[in-house]
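Excluded from the calculations below are hydrogen atoms, water molecules and symmetry mates; all remaining heavy atoms, backbone and side chain alike, are included.
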Amino acid sequence: MSDTVVPHFQNDIGAEVIRVGSKRFLCIGATPPFDHPHEFLDMGDEDEKVCPYCSTLYRYDPSLGARRSEPAGCLWEPLAA
């Protein structure tokens, strides 16, 4: 089931660019409770997308897995209920 969840990425470190291995994901801005509204981003045919809330530039990198980022540590996983 966990491989069907849309990945969530955050930018606590203030990176200018975050490379991700998925073209469809949620940007949450920063780790809660400092997050912004969780924005679903879909790159479509493009290889880059800017979050309209925090202006983080996400760049698709097919060499990364869907739940990986560069810099590392930008994947956020909600706590299990």
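Under a 4.5 Å side-chain heavy-atom cut-off, the cluster of Ile, Leu, Val, Met, Phe, Trp and Tyr residues that includes Phe34 has no other member. Apart from Leu57 itself, the hydrophobic cluster it occupies contains Val17, Val50, where clustering links Ile, Leu, Val, Met, Phe, Trp and Tyr at side-chain heavy-atom distances under 4.5 Å.
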Contacts table for residues 68-77: side-chain donor-acceptor under 3.5 angstrom, sequence neighbours left out:
| unit_1 | atom_1 | unit_2 | atom_2 | d |
| --- | --- | --- | --- | --- |
| Ser69 | OG | Pro71 | O | 2.8 |
| Ser69 | OG | Cys74 | N | 3.3 |
| Glu77 | OE1 | Arg67 | NH2 | 2.8 |

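Partners of Phe25 according to the ring-ring contact (aromatic ring centres under 6.0 Å, His included) rule, which considers only residues two or more places apart in sequence or in another chain, are Phe9, Tyr58. Considering only residues two or more places apart in sequence or on other chains, Tyr53 meets the ring-ring contact (aromatic ring centres under 6.0 Å, His included) condition with His36.
Contacts classified as side-chain hydrogen bond (donor to acceptor under 3.5 Å, both in side chains) and involving residues 37-46 (residues at least two apart or in different chains) are given here: Asp35-His38.
At distances below 3.5 Å, at least one donor-acceptor pair connects side-chain atoms of Lys23 with backbone N or O atoms of Gly44. Under the 3.5 Å distance criterion, the side-chain polar atoms of Asp12 are matched with a main-chain donor or acceptor of Thr31.
Rounded to the nearest 0.5 angstrom, Leu64 CG and Ile18 CD1 are separated by 12.0 Å. Once rounded to the nearest 0.5 Å, the distance linking CZ of Phe40 with SG of Cys27 reads 12.5 Å. Put simply, CG on Asn11 and CD on Glu16 are 10.0 Å apart, with the number rounded to the nearest 0.5 Å.
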List the steps and the verdict of side-chain contact (heavy atoms from CB on, under 4.5 Å) for Lys49 and Val20.
CA-CA 11 Å; Lys49 189 77 169 185; Val20 294; over 6 Å; no

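No side-chain heavy atom of Pro7 sits under 4.5 Å from any side-chain heavy atom of Leu26.
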